[in-house]
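Working notes, structure below.
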Number of protein chains: 2
Amino acid sequence: MTTVLIADDQPLQRFGFRMLLESQDDMTVLDEAANGTEAVRKAAELRPDVVLMDVRMPGLDGIEATRRITASGDRTRVLILTTFDLDEYAYAGLRAGASGFLVKDAQPEDLLSGIRAVAFGDAVVAPALTRRLLDAYVHHLPVGGSASSSMPSPPDPRLAALTDREREILTVIGKGWTNTEIAARLHLAESTVKTHVGRVLAKTGSRDRVQAVICAYETGLVQP
Amino acid sequence: MTTVLIADDQPLQRFGFRMLLESQDDMTVLDEAANGTEAVRKAAELRPDVVLMDVRMPGLDGIEATRRITASGDRTRVLILTTFDLDEYAYAGLRAGASGFLVKDAQPEDLLSGIRAVAFGDAVVAPALTRRLLDAYVHHLPVGGSASSSMPSPPDPRLAALTDREREILTVIGKGWTNTEIAARLHLAESTVKTHVGRVLAKTGSRDRVQAVICAYETGLVQP
DNA sequence: GGGGCCGTGGTACCCGGGTACTACCGTGGC
DNA sequence: GCCACGGTAGTACCCGGGTACCACGGCCCC
């Protein structure tokens, strides 16, 4: 029996998922959550096998909720559902510890089999997302492998979603500049800097600027 | 027949271990202990082959209990179980005379084979901890001897003033841990963490933890 | 015994960082 | 024309980070 927690801010969406899952005799919906905070709390309390996690939710979003759930040490797996197959936050979700991604318009059978696979410990990725996932994986392989060695610095997938400006912001974050310093030296308002920083954190899957700095080093955007 | 004493402050955890061990026909659980004092007393009284020892317990903790048990001269072996893979007490446990340590989220079969190995006189270390253990071991080797060329990074002057504990704190800062996470995973009060962090910042000349992360990368304390 | 150093812990306070939400304006594409 | 997107900017709010203290026990060393 696979136990599931449904986290989605749309009641109708939750209802649909619940109906689908309850129709299966090997699945039980333990509870529902309408935002990330609720999802984290109920996941810790109920220890479901799988959390069906929507990305976009008010308050704590699905990515951060995933990070906290997977960081808790529980066996609970998180299966993220994205609305669009090119969701820029997909990679952030993976880094947050999710066991898979599916798009919301997938076939019901695919969703069900995906939940079973994740509960079993496997990972699932929607076909539309598989390619970029492969790219990310290949990039992290040891260098010796294939013809890709001719590329000096293949763009890290974490940086792929960043705009030029955001990449610039990440660079100076990696230099240790504060928001105030960034604003002054780049002739911007501090509120603008905060907006950029917020987007950089979201797209790179960083919880705060400290993790963004680490990301900057790991991707080679800045170097020791 | 391997006789085991289970020492853990959480009843549910003890129950789980007992169920697992009793399901094996070559193991017997002699008794359980809810704290370190009880563990020492019952170990001396029952002379089990193996004590399954939790690190974190009220009163006398698992490390000190291990020290007393192994110092008693009995042939009882101690197998330490840690919750977090970077538990600093794991090393302390080895120094205290433990025959090994495993992480609590290990596979049941691994735990069983670990107990058998320890009872046989061998030592076991969780794979996730092996690397760190090796690093720690190498780090504590005397400097004078061999191949100094294998040391690519002579100690950076910024790190020279740091105590071992502070260097450890800087390392986990470099991994992006928040003060709260450091406190939880190292079993410290958050105020203590703040004290350490403050001293690290002062000694490394960092304005905030972001610059401390950069310092950690530049000195090679952590690497991309 | 006294005096450091180290690790641990506490309280109180302030500020920067991060989030949620909204808004306006170019530019480029359909 | 309209729309999507990127860059800019603002407000309001909460929380974690950092600081300034102080305190205590264990050590080691003179």
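Below, chains carry the letters A, B, ... as their sequence lines are ordered, and counting in each starts from 1.
With sequence neighbours left out, A:Val172 forms a side-chain contact (heavy atoms from CB on, under 4.5 Å) with A:Trp177, A:Ile182. For B:Lys194, there are no salt bridge (charged side-chain N to carboxylate O under 4.0 Å, His left out) partners at least two apart in sequence or on another chain. Listed by chain and residue number, A:Leu159, A:Leu162, A:Asp164, A:Leu221 satisfy the side-chain contact (heavy atoms from CB on, under 4.5 Å) test with A:Arg167 (two or more places apart in sequence, or in another chain). With sequence neighbours left out, the salt bridge (charged side-chain N to carboxylate O under 4.0 Å, His left out) criterion links A:Glu166 to A:Arg199, A:Lys203. B:Arg47 is linked by a side-chain hydrogen bond (donor to acceptor under 3.5 Å, both in side chains) to B:Asp74, counting only residues two or more places apart in sequence or in another chain. With sequence neighbours left out, A:Arg185 forms a side-chain hydrogen bond (donor to acceptor under 3.5 Å, both in side chains) with no residue at all. For A:Glu181, the side-chain hydrogen bond (donor to acceptor under 3.5 Å, both in side chains) partners two or more places apart in sequence, or in a different chain, are B:Arg207.
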Protein-nucleotides 24-28 of chain D N/O pairs under 3.5 Å:
none

Dump every N/O contact between nucleotides 9-12 of chain D and the protein below 3.5 Å, one line per pair.
| from | atom 1 | to | atom 2 | distance (Å) |
| --- | --- | --- | --- | --- |
| D:dA9 | OP2 | A:Ala189 | N | 2.8 |
| D:dA9 | OP2 | A:Thr192 | OG1 | 3.0 |
| D:dA9 | O5' | A:Thr192 | OG1 | 3.2 |

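Residues from residues 163-181 of chain A lying near DNA chain D, meaning a heavy-atom separation below 4.0 Å, are A:Thr163, A:Arg165 in numerical order.
The line from OG1 of A:Thr3 to CG of A:Leu21 is 11.0 Å long, rounded to the nearest 0.5 Å.
Contact annotation: the side chain of A:Ile80 approaches that of A:Ile63 to within less than 4.5 Å [non-hydrogen atoms, C-beta and beyond]. Between B:Leu201 and B:Ser206, the closest side-chain pair of non-hydrogen atoms falls below 4.5 Å. Residues B:Leu52 and B:Leu111 are in side-chain contact: their nearest non-hydrogen atoms beyond the backbone lie under 4.5 Å apart.
Atom CG in B:Asp208 sits about 22 Å away from atom P in D:dC15, given to the nearest Å. Rounded to a whole Å, the NZ atom of A:Lys203 is 17 Å from the C1' atom of C:dT19. Nucleotide D:dG18 holds its P atom 11 Å from the CZ atom of B:Arg207, rounded to whole Å. Atom P of nucleotide C:dC21 and atom CG of A:Asn35 are separated by 11 Å, given to the nearest angstrom. Here the C1' atom of nucleotide D:dC15 and the CG atom of A:Leu201 are 15 Å apart, to the nearest Å. As rounded to whole Å, 11 Å separates atom P of C:dG17 from atom CD of B:Gln211. Summarising the geometry, the separation between CD1 on B:Ile182 and C1' on D:dG16 is reported as 12 Å, rounded to the nearest angstrom.
The pair A:Glu168-A:Arg165 meets the salt-bridge criterion, since a charged nitrogen lies less than 4.0 angstrom from a carboxylate oxygen.
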Report the C-alpha separation of A:Asn179 and A:Arg209 in whole Å, then their side-chain angles, then the decisive distance to 0.1 Å, and conclude whether the side-chain contact (heavy atoms from CB on, under 4.5 Å) test is met.
CA-CA 10 Å; A:Asn179 288 343; A:Arg209 70 197 297 117; 2.9 Å; yes

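A close approach under 4.0 Å does not occur between any side-chain nitrogen or oxygen of A:His196 and OP1 or OP2 of D:dG7. Between A:Arg209 and the phosphate of C:dG18, there is a side-chain N or O to OP1/OP2 separation shorter than 4.0 Å.
Comparing the local axis fitted to the first five base pairs of the helix from C:dG1-D:dC30 to C:dC30-D:dG1 with the one fitted to its last five gives a bend of 40°, rounded to 10°.
Screening residues 198-224 of chain B for ring pair (Phe, Tyr, Trp, His ring centres under 6.0 Å), with sequence neighbours left out, gives A:Tyr217-B:Tyr217.
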